[in-house]
Amino acid sequence: MEYIEGQQLYKCWPSLPWWSKLRVAITIRGYIRQLRRIGSPQPHPGPLSEEPRHCSGPSWFGRNFVGPFPDAEAFATFFNRKRKRSLRHEGKSFDISEPFVLTHNDLSMRNFILGTDGRLWMIDWGWAGCYPQWFEYASLQTGWEILGPWRWRKWILGFVAGFYQRHANLASSISWAVHTGYLL
């Protein structure tokens, strides 16, 4: 770990010219694509480890720990049980059809530092792990309000992490069941 001279993105964003904001979005998109190319270096979902460990992370997990999950099927089964018990049950299954990839899992503006040298740094990898690639989009749903109205924000975040709004809606609809531990 090292100290990075610069400012957290949420602090400097309002004063950045539009072309710098575009450069930041393109850079974050590139970082996410690099992580996805790594794929999943382990056979189980969750934090990076030799053995399955409890998962935590995006706002819809709450601060709870879930799992551990020995494989993707157990992971999907857990979330599908939560979906069925959710008051906002919409009949959609938890999607694990796309490959599990390395995800940062907490890409809020506070976890980016714009260095004094102009480079953009991703920090705080405490929730990183192997999850479906749409998790990065779902984790971006909070902490980016500074981008403006939802229509604009949705487009930027989709450009950065892929357009996974249906997945994020499902995650949001079951978040209370996951967060409260309702009917495990």
Side-chain angles (χ1 to χ4, degrees), residues 9-10 13 16 18-48 55-62 66-67 69 71-73 75-76 78-80 82-83 88 90-114 119-175 178:
L9 189 55
Y10 79 92
W13 184 265
L16 292 176
W18 71 267
W19 62 87
S20 293
K21 291 176 180 179
L22 179 60
R23 187 178 68 82
V24 165
I26 291 169
T27 301
I28 295 171
R29 176 185 168 116
Y31 290 166
I32 291 171
R33 286 179 171 207
Q34 287 177 36
L35 290 172
R36 288 179 179 163
R37 279 194 298 271
I38 292 170
S40 179
Q42 61 192 27
H44 55 84
L48 298 174
C55 306
S56 65
S59 59
W60 52 273
F61 266 154
V66 298
F69 304 104
D71 54 38
E73 282 301 316
F75 189 76
F78 170 82
F79 285 102
N80 279 324
K82 294 294 185 177
R83 178 190 52 81
R88 292 165 45 183
E90 298 174 10
K92 298 174 192 156
S93 292
F94 194 81
D95 186 4
I96 59 164
S97 62
E98 295 186 24
F100 280 50
V101 296
L102 183 59
T103 61
H104 180 279
N105 220 15
D106 189 18
L107 292 180
S108 69
M109 286 186 125
R110 74 180 187 292
N111 286 332
F112 287 97
I113 294 181
L114 187 57
R119 290 176 30 189
L120 186 66
W121 299 82
M122 276 196 302
I123 62 169
D124 190 3
W125 290 79
W127 286 346
C130 297
Y131 298 99
Q133 66 182 24
W134 61 267
F135 262 45
E136 213 70 276
Y137 179 85
S139 75
L140 283 167
Q141 300 305 298
T142 57
W144 290 86
E145 291 78 11
I146 199 168
L147 294 179
W150 174 238
R151 282 183 312 181
W152 175 239
R153 192 166 67 237
K154 183 170 64 169
W155 186 89
I156 292 173
L157 299 179
F159 169 77
V160 165
F163 291 89
Y164 292 102
Q165 190 59 48
R166 182 182 65 80
H167 299 79
N169 289 345
L170 174 61
S172 177
S173 75
I174 65 171
S175 64
V178 174

Is a side-chain donor or acceptor of [X] paired with a backbone partner of [Y] at a separation under 3.5 angstrom?
X    : Y    : value
R36  : V101 : no
T103 : G129 : yes
H44  : C130 : no
Q133 : I32  : no
Y137 : H167 : no
W144 : L107 : yes
D106 : W127 : no
E136 : N105 : yes

Can you tell me how far [atom2] of [Y] sits from [atom1] of [X], rounded to the nearest 0.5 angstrom?
X    : Y    : atom1 : atom2 : value
L147 : Y10  : CG    : OH    : 15.0 Å
I123 : R110 : CD1   : CZ    : 9.0 Å
L157 : L140 : CG    : CG    : 5.5 Å

Inset, instruction - Tell me, with the steps shown, if C55 and Y131 meet side chain to side chain contact (heavy atoms under 4.5 Å, CB included). - result: CA-CA 10 Å; C55 306; Y131 298 99; 3.4 Å; yes

Inset, instruction - Would you name the heavy atoms of S40 and Q42 that are closest together and state the gap between them? - result: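 What the structure gives for the nearest pair is OG-O, 2.8 Å.
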
Legend entry - Smallest separation among heavy atoms of K154 and F163, with atom names: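 What the structure gives for the nearest pair is O-CE2, 4.1 Å.
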
Inset, instruction - Hey, can you tell me if F100 and F75 have their rings parallel, tilted or perpendicular (30° and 60° cut-offs)? - result: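 Correct class here is perpendicular.
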
Inset, instruction - Please work out whether the ring planes of F79 and F69 are parallel, tilted or perpendicular, with thresholds of 30° and 60°. - result: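 Judged by the thresholds at 30° and 60°, the geometry between F79 and F69 is tilted.
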
Legend entry - Pairwise salt bridge (Lys or Arg N to Asp or Glu O under 4.0 Å) hits with a residue in residues 124-134, at least two apart: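 Qualifying pairs, neighbours excluded: none.
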
Inset, instruction - For I146, enumerate each residue passing the side-chain contact (heavy atoms from CB on, under 4.5 Å) test, keeping only those at least two apart in sequence or located in another chain. - result: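 Scan of I146 (side-chain contact (heavy atoms from CB on, under 4.5 Å), adjacent residues dropped) gives W13, P14, M109.
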
Cut-off 3.5 Å, no hydrogens considered: what does the side-chain donor-acceptor table look like for residues 18-28, sequence neighbours left out?
| unit_1 | atom_1 | unit_2 | atom_2 | d |
| --- | --- | --- | --- | --- |
| R23 | NH1 | G118 | O | 3.2 |
| R23 | NH2 | G118 | O | 2.9 |
| T27 | OG1 | R23 | O | 2.8 |

